[in-house]
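These figures come from a predicted structure and were not determined experimentally. Computation of the quantities below employed the complete heavy-atom set of this structure, encompassing side-chain atoms and omitting hydrogens, waters and symmetry-equivalent molecules. In the text below, chain A, chain B and the rest are named by the order of the sequence lines, each starting its count at 1.
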Number of protein chains: 2
Amino acid sequence: MPASAADHHSPTVPRRTPSRRRVGRPPSAVLDQGVITVAALDLISRKGYEGLTMAALARFLDVAPSALYNHVNSKMDVLLLLEDHLTARVDVSAFADRPWDEAVYAWAASYRDVFAQHTPLIPVIAVLPVTNAPQTLAMYEAVASGFRHAGFPDEKIIPSIVALESFIFGSAYDVTAPADIFDPGSMAPATPNFTSAVHSLKNEEHSRPADIAFTLGLDALIAGLSKLRRFS
Amino acid sequence: MPASAADHHSPTVPRRTPSRRRVGRPPSAVLDQGVITVAALDLISRKGYEGLTMAALARFLDVAPSALYNHVNSKMDVLLLLEDHLTARVDVSAFADRPWDEAVYAWAASYRDVFAQHTPLIPVIAVLPVTNAPQTLAMYEAVASGFRHAGFPDEKIIPSIVALESFIFGSAYDVTAPADIFDPGSMAPATPNFTSAVHSLKNEEHSRPADIAFTLGLDALIAGLSKLRRFS
DNA sequence: GGCACTAAATGAATGCCATTCATTTAGAGT
DNA sequence: ACTCTAAATGAATGGCATTCATTTAGTGCC
């Protein structure tokens, strides 16, 4: 191919980092939903959800922002991809070989831990249909199967899971709360019962406050739900 | 005061709706945190949280957007004002004259109902210190007092409330979820246990699915937490 | 083996959004 | 009366998600 009249750069000198790729479809695809998902995850782990912008994601992938829209319809789509990807990390294995109450405990703890790192996804998960979220469906199938084998009647399974999930999502927020969230400040004199209860926590050892509340609530829920089983 | 040379408009003709107020401090203050709060609430009830922008809020109050910043430091401040305002709507009255378990039930149901209409505030509440949120502190004081009188040891009060709150916030999201949220779609054959559990809900009468799960979980929590009391 | 179609990139533009700043005016305190 | 500060305007800023025209490359069809 002879050099065109417009070819006034030496061909061996690459462009400076911004826009190294020339216009038009590249020989092999740079993007797909998979690479977008892991890039988003990587970006979040470095900069947090504040740093997850379409522009930053594009920069991270060395691509123009508009290129992302060939693979997702919106930023919400990216969040959905993340949600499904992360749900695969939730450990449901205990439903296969442990008693129901132990399995629920392990699943719930794992579920909370995964999404405590990703609370901005919670509003998305809680409201969005599960259709076309294969990993999420796989988790529900494993959990539903565990409940059924533990003797839950069909019509109690979904409500029980929903109740547990509600508690799990709320508890995930809790993990990220600052330690002094309950400091009554100058209002302390007006709130003696509350203030006294807060102060009594000061010398709790080992566990974070969020863990104490999580264990307390989860134990109560498991005990209560267990009564719905046909046999125990 | 004689008409200045620049006064070339008839004084009786008011300006068209945009910018009816002239530059400079008005004779009496137009804004304060109270009017901003109720305006925000009004705006939300008309347009939802998507419609709550600083510009829209300013337009609603017939004020320049920058004027808001004389009274709040950021949009987050507006959300905090909303949160405290709404917390005052949560009904804690049952703690004064009903048995503990009934009071918890009434409080939790009321709390969930208030914030089911305002789920965008949940991430804010769950993470933000309670200092200088007087209504919120008042609610906690009423609840803590109810727990103490019911025989809870001091160090169990806050964890119990936190566990309940986690469940309540999660359940508030649940209220807003679409009815078909659990439709497995084309994945149904791969998820038989889950799909069967979902179908068994089809002919549940009376209650919304969210209410069934809420009642189920709340009853379990109340029963479980009740065991922490010194006497019952 | 050419040809139309479609997929996947760029880069420029759009409109919205929260926030800031210089400026103006009015009241409050000394 | 004078100064200080509070509370408004209006113009500007920078970041954001998203859209569109354009360019190029592979794919399926006759």
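The base of C/dA8 is not paired with the side chain of A/Arg25 by any donor and acceptor separated by under 3.5 Å. Judged by distance alone, with hydrogens and angles left aside, A/Asn70 brings no side-chain donor or acceptor close enough to the base of C/dA7 to form a pair under 3.5 Å.
B/Phe115 has its ring centre less than 6.0 Å from the ring centre of B/Tyr111.
Rounded to an integer number of Å, the gap from OH of A/Tyr69 to C1' of C/dT10 is 15 Å. Between the P atom of C/dC16 and the CG atom of B/Leu57 lies a distance of 18 Å, rounded to the nearest Å. Note: NE2 (A/His71) to C1' (D/dA17) measures 17 Å, nearest angstrom. One interatomic measurement links the two molecules: CG of B/Leu68 to C1' of D/dA6, which rounds to 15 Å at whole-angstrom precision. Distance CZ (A/Arg21) to P (D/dT22): 22 Å, rounded to an integer number of Å. Rounded to whole Å, atom C1' of D/dA6 lies 13 Å from atom CG of B/Asp32. Atom P of nucleotide C/dC16 and atom CD of B/Glu50 are separated by 14 Å, given to the nearest angstrom. Between the P atom of D/dT19 and the CE atom of A/Met54 lies a distance of 10 Å, rounded to the nearest Å.
Between A/Tyr140 and B/Phe182, the ring planes lie perpendicular to each other; the angle is over 60°, past the 30° to 60° tilted range.
Between A/Ser160 and A/Phe147, the shortest heavy-atom distance links the atoms CB-CE2, 3.7 Å. In this structure, A/Leu82 and A/Leu52 approach most closely via the heavy-atom pair CD1-CD2, 4.1 Å.
Heavy atoms of A/Ala67 sit under 4.0 angstrom from at least one base atom. Among the protein residues, A/Ser66 comes within range of the nucleic acid bases, having at least one heavy atom under 4.0 Å from a base atom. Residue B/Ser28 is classed as having no contact, given no heavy-atom separation below 4.0 Å to the nucleic acid.
Side-chain atoms of B/Arg22 lie closest to C/dT25 of the nucleotides C/dT10, C/dT25, D/dT18. With distances taken from any side-chain atom of A/Ala29 to the nucleotides C/dA8, D/dA17, D/dT9, the minimum falls on C/dA8. When each of C/dT10, C/dT19, C/dG27 is scored by its nearest atom to the side-chain atoms of A/Val63, the top-ranked nucleotide is C/dT10. Closest to the A/Pro26 side chain, of the nucleotides D/dG26, C/dG27, C/dA8, is C/dA8. Checking D/dT9, D/dA17, C/dG11 against the side-chain heavy atoms of B/Ala64 singles out D/dT9 as nearest.
If B/Val23 and B/Arg59 are placed on DNA chain C by their nearest nucleotide, the residue sitting closer to the 5' end is B/Arg59.
Under the salt bridge (Lys or Arg N to Asp or Glu O under 4.0 Å) criterion, A/Arg46 pairs with A/Asp42, sequence neighbours left out.
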